[in-house]
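Shown next, in structure tokens, is the structure this report addresses.
Every chain is numbered from 1 and lettered A, B, ... according to where its sequence line falls, protein lines coming before strand lines. Being a predicted model, the structure only gives us computed values, none of them experimental.
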Amino acid sequence: MAARGGGGRTIRVLNVAEKPSVAKTVSGILSNNQGLRMREGRSRYNKIFEFNYTIQGQPCQMMFTSVTGHLMEIEFEGRYRKWHSCDPVDLFEAPIQKHVPEDKLDIRRTLEEEARKCQWLVLWLDCDREGENIAFEVVEVCSSVNSQLNIWRAHFSSLIDREIHQAVQQLTRPNQLFSDAVDVRQEIDLRIGASFTRFQTMLLKDAFVFNFPTDGRNLVLSYGPCQFPTLGFVVERYWEIQAHEPEEFWKIQCSHTTDEGTANFNWMRGHLFDYTCAVLLYEMCVQEPIATVTKVRQQEKLKYPPHPLNTIELEKRASRYFRMSSEKTMKVAEDLYQSGFISYPRTETDSFSTRTDLHILVQEQQAHPVWGPYAQRLLDPSSGLWRNPSNGGHDDKAHPPIHPTKFSPGESGWSEDHKKLYELVVRHYLACVSQPAVGAETTVEIDIAGEMFSALGRTIVAKNYLEVYRFESWGGSLIPNYTFGQQFTPTSLTLDSGITRPPPLLSESDLLDCMDKAGIGTDATMHDHIKKLTDRFYATKEASHFKPTNLGEALVMGYDDMGYELWKPYLRSMMEEDMKAVSVGNKRKDDVLATCLQQMKACFLDARVNKVKLFQALEIFFDRTNRTGGDDQHNHGQLVRRCDVCHDSDLVLRKKPDGKFMIGCSAYPQCRNVIWLPGSISEAVVTQTVCNTCTPGPVFKIEFTFRRLEIPPGFSVHHLGCVGGCDDVMRQLMEMSGSGHRNSSTTPARGRGVTAPSRNNSQPNQQQQPQRQQQQQQQATCSFCHQTGHSSSDCYSLTSQNRSARSQRANSNNGDSPLPCTTCGSPCVLKTANTESNRGRKFYSCQSQGCKFFVCWEDSIPTTRGGGSRSATTTSRRGGRGGGQDGGNGRFVSATGDPVSGRSCFICGDPSHFANACPNRGMRN
DNA sequence: GCAAGGTC
């Protein structure tokens, strides 16, 4: 702190904290609870504490009050607030104002009244970017009534006496850059959120039949840079599950039982997808079933207690242990915090400060009837149970990890959820300061006919923290004693089949994990974003797992089909990087704002041009209403020819709202036959001239006018063209611009198809390209939004090049041979496997949505066995021990061609089944 | 009727 106050005269200092509890605690610490007075402010929650204090020799009369988080909000100016007052694209530039909302006016009044009386303002907001921004909001309010205020910032990371005294003696100036970063975030969030939300709501809400229970409220199809990536995680997992093709695998299981117990030996190959190979190896084991012990290893293993608890871990664990939603968890935690039983529940910190008195917290818990005795042992040095907690590596510099602050055996007013959550916080804390559990592990490896197997036995030597942390367990199993070189005959040796399973739907804990890793939301808001998915009817939660609704899936699909990754976390991650750059002065606030908004506006305009993708995606799931939902591009047009797809309606020429032309079927959406025309057309009129070549006729020719600079030299600006297929000029221009014919009447939209987005419609001609590319490289021009200074890979509105989920969906539809599904009876298709062990092998799979059942391998069908797609020399994964089927008589052969076994069961010889289904399989002593 | 971030 460089400046001093008013010499020896007592000055009045207004201190402002981010929340009432901090104002109270800091006042208590600084005053040492001596001469501390409290009086009411204008807001019933935000009291004012008064006491005397000396800052660097300067006697001060301290006034300490608080806000409750942000004091201000940003909003569009009045004339832009009504949804129909402007085009949503205008929201990228509409004037924005920051104001104190109605429910914070009383806090503002308190600040104004106190600031008028003071010479200094000391800001005690949380020490993060948001806290710095709130600090500037407080400064704005206070300075407006007292421009002479001397403004200071106190830095503290926990509410510990020494740190607070130190903070007030080392005041600095507030950091404008930190605050700027938050201003940028707020403005981008508002402009993107409001524009896209209005756009997609007004476009789709009335165009489809949605039967969501909105309780009389308007249906809002919101978009937000946090809620959409959260939805994206849910949809992506769902697509992964749908794209999963079950595959059968085989593994050899061995067990050995003695008086000392049972050892289950696992095949060290894991499992094989090649049945023949597995059978051959199994057969060798059966023929030479003596096991030889090749390794016995004994070692001590430790299982460590968890790190101290932060918000995300609290939410994840409450979800896992109690199936409590993150929203509920935070509500209950807030209650417990408000009533003083646990510490502040919104914290990223998972390590305790070295100055925290950890023992006091345990002492309080000694009285508890259930975990009290454990707390007593923990405090007894002779038990050796105490261990200083580990460091999780996160520190928000504002709050300690979540820990119990007051003992309770359970309050009468507590719900079951309150009891569970308090217990979790206490047990977690006690676990953190306990020794790890100790186990003795024995690993035994055996060899049967050259195949290796291993078994693990564990005995728990000391449970330690597991005694109190009942939510975790550590399975122990006794196995017999073995010695190196020992031989024995297994009790059972079986060839078991299994089938690969898709991953499960995302649990709340998984979803929080995804968001945490991708930086979506903050610890205080993540549960809000999750709840928003269900509030907006984008996802449902069933048995603690999230599944997208048709609406959620369709919206993501629509943007994905446009090629945008608005539903992926990258946009938020890039914004977060820019915020960091602003906060350390590496980028200017105005530059980041301008660049980001320019790019997002380009993305918005492009999305609007391609809105048909959203329609197509929603049409897969919902019926259309008679209302257009603002989409009028399919209403009128000039007749070009009879539709060559539905043969029932006409193909008509239309001009789209963006000025570009297309030819589509008048029966849209029942028929989605469409011809996209080059973007270089400035005018197009259907003439009465009929093409003499194209059939079936009549096909009316069109008088086109092209923009000179957008067509190659040698092409005429005026052209009487035919779109029936005979016209080379049109064909060439269409190819150059990536436009052309598409029949989408039978295929739901997936991927770009031939519909080139408008940005590609004015490609330079061949001669111009090298020069243009060079210019682009020199200027680093984004090929998407056409702004300089970044490439398309750095564009906020990233286009999707890597569409794994969609390509999987597309690839899964490569079959052509019908066969009824054994599960649902729907027709199946023949597909080609793409896994390492079965690449190229054909199989039948059900095509019915929601079934997707793997039916069988093509070569396992009896009538086709002789000519199966696998060759007789299929090699196993075991080098020289290859084996397979011969091509003709269906017998197994070894790599040398010697017959090994017939196609009948090699265990009992019955031709009606194979060994894996044999009732006698396995070998018993 | 829209975002996300604070907190009560």
Side-chain angles (χ1 to χ4, degrees), chain A residues 17-23 43-47 66-76 80-86 88 90-92 94 96 98 100-101 103-104 106-107 125-126 128-138 179 181-203 205-206 214-230 311 330-331 333-335 337-339 344-347 396 398-399 515 519-532 535-536 566 571-572 575-576 579 600 604:
Chain A
E18 190 160 320
K19 41 192 164 281
S21 62
V22 172
S43 151
R44 57 187 282 228
Y45 300 110
N46 306 84
K47 315 289 182 192
S66 55
V67 288
T68 45
H70 276 286
L71 184 58
M72 295 181 168
E73 281 178 9
I74 58 165
E75 187 48 284
F76 294 111
Y80 292 92
R81 280 184 214 156
K82 288 236 180 295
W83 277 42
H84 292 277
S85 66
C86 66
D90 295 343
L91 299 178
F92 283 95
I96 277 175
K98 211 167 192 181
V100 179
D103 61 338
K104 301 281 175 76
D106 47 5
I107 299 178
L125 288 305
D126 291 356
D128 52 24
R129 290 206 300 252
E130 294 295 333
E132 211 67 20
N133 190 265
I134 301 170
F136 278 88
E137 293 172 358
V138 172
S179 176
V182 174
D183 284 341
V184 172
R185 179 200 55 74
Q186 287 180 335
E187 188 169 337
I188 292 173
D189 284 347
L190 176 64
R191 292 190 189 278
I192 298 177
S195 56
F196 273 92
T197 299
R198 288 187 193 181
F199 158 65
Q200 61 187 30
T201 303
M202 293 195 288
L203 179 71
K205 186 183 69 136
D206 294 326
T214 55
D215 297 335
R217 283 170 298 141
N218 281 328
L219 179 69
V220 175
L221 308 184
S222 64
Y223 173 84
C226 284
Q227 55 176 270
F228 242 57
T230 306
T311 305
M330 291 313 290
K331 256 192 191 137
E334 182 66 27
D335 265 3
Y337 164 67
Q338 289 296 329
S339 44
Y344 188 70
R346 288 182 285 273
T347 175
D396 63 13
H399 307 284
M515 295 169 76
I520 300 298
T522 68
D523 50 290
T525 60
M526 278 154 85
H527 66 274
D528 282 336
H529 302 313
I530 294 176
K531 182 165 184 292
K532 190 146 275 175
D535 288 349
R536 296 284 189 227
L566 292 171
L571 172 65
R572 195 67 183 172
M575 280 170 60
E576 182 58 31
M579 301 305 106
M600 288 310 298
F604 179 89

Both A:I520 and A:R81 contact DNA chain B. Taking the nearest nucleotide for each, which residue is further toward the 5' end? A:R81

Using the six-membered ring wherever Trp is involved, compare the ring planes of A:F92 and A:F196 and label them parallel, tilted or perpendicular (cut-offs 30° and 60°). perpendicular

Report which part of the nucleic acid A:E73 touches: base, sugar-phosphate, or nothing (heavy-atom distance under 4.0 Å, all strands). nothing

Can A:E576 and A:R129 be counted as an ion pair, charged N to O under 4.0 angstrom? yes

Please work out if A:T201 contacts a base, only the sugar-phosphate, or nothing of the nucleic acid, heavy-atom cut-off 4.0 Å. base

Electrostatic pair A:K104:A:E137 at N-O distance under 4.0 angstrom: no

Quick one: label A:D126 by what it contacts on the DNA or RNA (base, sugar-phosphate, nothing), any heavy atom closer than 4.0 Å. sugar-phosphate

Side-chain ion pair, A:K331 and A:D335, N-O less than 4.0 Å: no

Looking at every strand, decide which applies to A:Y223 at a 4.0 Å heavy-atom threshold: base, sugar-phosphate, or nothing. sugar-phosphate

If you assign A:K19 and A:E187 each to the DNA chain B nucleotide with the nearest heavy atom, which residue ends up on the more 5' nucleotide? A:E187

Please work out if A:F199 contacts a base, only the sugar-phosphate, or nothing of the nucleic acid, heavy-atom cut-off 4.0 Å. nothing

Whether the side chain of A:N133 engages the backbone of A:V182 through a donor-acceptor N/O pair (distance < 3.5 Å, no angle test) should be reported. no

Nucleic acid contacts of residues 129-138 of chain A, taken as heavy-atom distances under 4.0 Å to DNA chain B: A:E130

For A:D528, enumerate each residue passing the salt bridge (Lys or Arg N to Asp or Glu O under 4.0 Å) test, keeping only those at least two apart in sequence or located in another chain. none

Scan A:L219 against the nucleic acid and name what it touches under 4.0 Å (heavy atoms): base, sugar-phosphate only, or nothing. base

Does the Lys NZ or Arg CZ of A:K19 fall within the cation-pi geometry relative to A:Y45 - under 6.0 Å from the ring centre and within 45° of the axis? no

At 4.0 Å (heavy atoms only), tell me whether A:R191 reaches a base, stays on the sugar-phosphate, or touches nothing. nothing

For chain A, the stretch of DNA chain B it reaches, first to last nucleotide, under 4.0 Å of its heavy atoms: B:dG1 to B:dC8

Any donor-acceptor pair under 3.5 Å linking the side chain of A:Q200 with the backbone of A:L221? yes

Base, sugar-phosphate or nothing for A:P20? Non-hydrogen atoms, less than 4.0 Å. sugar-phosphate

In A:M526, A:M515, A:R572, the residue satisfying side-chain contact (heavy atoms from CB on, under 4.5 Å) with A:C226 is A:R572

What is the nucleic acid contact for A:K532, judged by heavy atoms within less than 4.0 Å: base, sugar-phosphate only, or nothing? sugar-phosphate

Assign A:I74 to base, sugar-phosphate, or nothing according to its heavy-atom contacts below 4.0 angstrom with the strands shown. base

